[in-house]
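Data first, discussion second: the structure below is written as structure tokens.
Note: hydrogens, waters and symmetry copies are ignored here, and every other heavy atom, side chains too, is used. Just so we're clear, the structure is a prediction, and the values are computed from it rather than from any experiment.
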Amino acid sequence: MIFPRSRSTLLGAGALALSLAVGGTVGWDTPDGAAAPPVASSSDGATTSKHAAFAATFKHKYAEVRGVRMHYVTGGKGPALVLLHGWPQTWYEWRKIMPALAEHHTVYALDLPGLGDSKGSPESFDKKTLARYVHELLRDRIGLDDFDLVAHDLGAGVGAQYASRYPREVNSYVHMDYPLPGRELPAARYRTFSWHMAFNSQRAIPEKLVDDREDVRAYITAFATQVAHGGTAFGGTRTKPPFTREETDEYARTYSRPDALHAGFELYRTLDEDERDNIAAAPTDTPTLLLTATGSLAATRPTLTPMLRNVTRAAEIPKSGHWLAEENPRAVTREILAFTRR
């Protein structure tokens with residue numbers, strides 16, 4: 001979730017019909033076996049070897065939590081490290097940094113309830129409720145007593161609630177590019193900062209306008225470009241998408257499911273509940289690292305401190321817009337490992 005320096009205007013419905021040359025789909029599913037990021041057919045031996053190594057390290061797994069079949073990808077050795085994604089993304093947003101993290105941690109990259117390859121609908125998409133589902137997955141199904149937690153965007157709304165509600169389980173918390181709704185930033189004002197926040201919060205309309213895979217792909221491509229480094233959300237003129245065709249296709253694969261598309265919009269429709277829950281939440285002293293896009297730190301930090309009292313380090317990721325782990329994976333990896341291994 002970006003915190004733009006200036007407000008953007010709400011795009012008209014015609015913007016969803018953008019003609020973008022993003023290509024076809026990638027056939028990829030997530031069996032209960034070896035995991036590998038989707039890639040285009042290639043004779044590049046280095047590329048093939050890279051993804052074979054990923055598949056050898058990480059496995060797809062599933063667990064039932066309150067009627068929701070939750071999906072996660074896990075691998076590595078060492079203390080547990082949990083990763084929570086944002087919108088419109090899935091566990092896949094962490095793919096570039098997972099191998100390096102797995103050299104020092106047992107990594108668990110989750111799909112939030114109802115999103116990605118997690119199936120079923122949770123009781124609500126407010127972040128306190130989603131934190132409860134994540135808690136039952138980690139504690140009761142996987143058996144984790146404590147771990148380091150990393151969360152991005154709306155997933156960081158879940159992460160902050162988790163750190164507040166279950167502080168004994170979270171050894172350290174990394175909060176990435178997400179201002180928290182609360183007293184410092186009411187949900188109503190939150191929605192004025194970007195057209196997508198206002199659009200995604202509307203009842204029924206987004207599902208009617210973004211109603212097939214081509215629409216989903218066009219929306220993700222346009223939005224991702226705007227909030228990438230140098231994009232219009234940051235006062236720039238960028239027109240090149242930050243994701244490849246194959247990367248966009250993977251996000252479009254999951255968000256093209258009507259239930260997952262609806263779940264993604266529900267993350268925004270529950271911001272008012274998040275505001276109330278964050279105000280009521282118990283402050284936590286869990287050591288916290290705040291990472292933001294270039295230019296966003298000063299505006300983001302004040303929204304965290306009433307709830308996350310122990311921000312021991314705060315930094316902007318160089319040459320990065322909102323997609324921190326994908327735009328500058330080396331810097332993000334370095335920050336996370338330095339923080340979790342201190």
Side-chain angles (χ1 to χ4, degrees), residues 1-8 37 50 81 83-89 91-105 107 109 148-157 159-160 172-180 193-194 196 220-244 247-248 251 287-305 308 310-342:
M1 178 73 69
I2 60 165
F3 205 147
R5 300 179 205 178
S6 60
R7 298 181 182 180
S8 301
K50 175 182 177 181
L81 177 67
L83 307 173
L84 303 180
H85 66 85
W87 182 93
Q89 297 179 288
W91 76 269
Y92 183 68
E93 77 163 88
W94 307 107
R95 68 201 176 279
K96 293 183 178 180
I97 69 173
M98 286 169 65
L101 297 179
E103 294 178 8
H104 307 278
H105 292 276
V107 174
D148 297 293
L149 178 61
V150 179
H152 174 232
D153 187 67
L154 286 147
S172 71
Y173 175 49
V174 182
H175 186 101
M176 293 175 54
D177 214 46
Y178 183 71
L180 283 174
F193 285 115
S194 173
H196 83 282
I220 291 174
T221 301
F223 172 65
T225 303
Q226 289 183 338
V227 301
H229 183 62
T232 56
F234 295 96
T237 58
R238 178 176 183 144
T239 58
K240 181 180 179 181
F243 304 145
T244 66
E247 290 166 346
T248 303
Y251 292 132
T288 298
L289 166 64
L290 170 61
L291 300 177
T292 74
T294 301
S296 296
L297 182 59
T300 302
R301 184 167 185 164
T303 71
L304 268 65
T305 49
L308 302 169
N310 190 16
V311 178
T312 58
R313 175 167 168 74
E316 295 180 350
I317 296 300
K319 298 182 180 179
S320 179
H322 178 57
W323 317 108
L324 310 184
E326 292 165 296
E327 293 188 74
N328 195 339
R330 288 185 179 180
V332 171
T333 300
R334 184 169 56 249
E335 290 282 358
I336 291 174
L337 289 179
F339 194 68
T340 60
R341 298 174 65 201
R342 67 195 184 289

[X] (side chain) donor-acceptor with [Y] (main chain) under 3.5 angstrom:
X: Asn328; Y: Lys319; value: no
X: Glu316; Y: Gly295; value: yes
X: Tyr251; Y: Glu93; value: yes
X: His152; Y: His322; value: yes
X: Arg238; Y: His229; value: yes
X: Glu247; Y: Thr244; value: yes
X: Trp323; Y: Ala224; value: yes
X: Thr232; Y: Thr237; value: no
X: Thr300; Y: Ser296; value: yes

Just verifying a value: how many Å separate [X] [atom1] and [Y] [atom2], rounded to the nearest 0.5 Å?
X: Trp87; Y: Leu154; atom1: CH2; atom2: CG; result: 9.0 Å
X: Tyr178; Y: Leu290; atom1: OH; atom2: CG; result: 13.5 Å
X: Ile336; Y: Arg334; atom1: CD1; atom2: CZ; result: 11.5 Å
X: Asp148; Y: Leu81; atom1: CG; atom2: CG; result: 6.0 Å
X: His175; Y: Arg301; atom1: NE2; atom2: CZ; result: 12.0 Å

Are the side chains of [X] and [Y] in touch, meaning some heavy atoms are under 4.5 Å apart?
X: Pro242; Y: Thr225; result: yes
X: Leu101; Y: Leu337; result: yes
X: Trp94; Y: Val150; result: yes
X: His105; Y: Thr340; result: yes
X: His85; Y: Tyr92; result: no

For this session: Using salt bridge (charged side-chain N to carboxylate O under 4.0 Å, His left out) as the criterion, list what pairs up with Glu335, not counting sequence neighbours.
Result: Arg313
If you look at every heavy atom in [X] and [Y], which pair is closest and at what distance?
X: Ala109; Y: Trp91; result: O-CB, 3.7 Å
X: Leu180; Y: Gly157; result: CD2-CA, 4.2 Å
X: Thr288; Y: Phe339; result: C-CZ, 3.4 Å
X: Val311; Y: Ala314; result: CG1-CB, 4.3 Å
X: Leu291; Y: Leu324; result: O-CD1, 3.8 Å
X: Pro179; Y: Thr303; result: CA-OG1, 3.3 Å

Exercise. Who passes side-chain contact (heavy atoms from CB on, under 4.5 Å) against Ala151, sequence neighbours left out?
Worked result: Leu84, Ala156, Tyr173
For this session: Describe, in one word, how the ring planes of His196 and Phe223 are oriented to each other, choosing from parallel (under 30°), tilted (30 to 60°) and perpendicular (over 60°).
Result: tilted
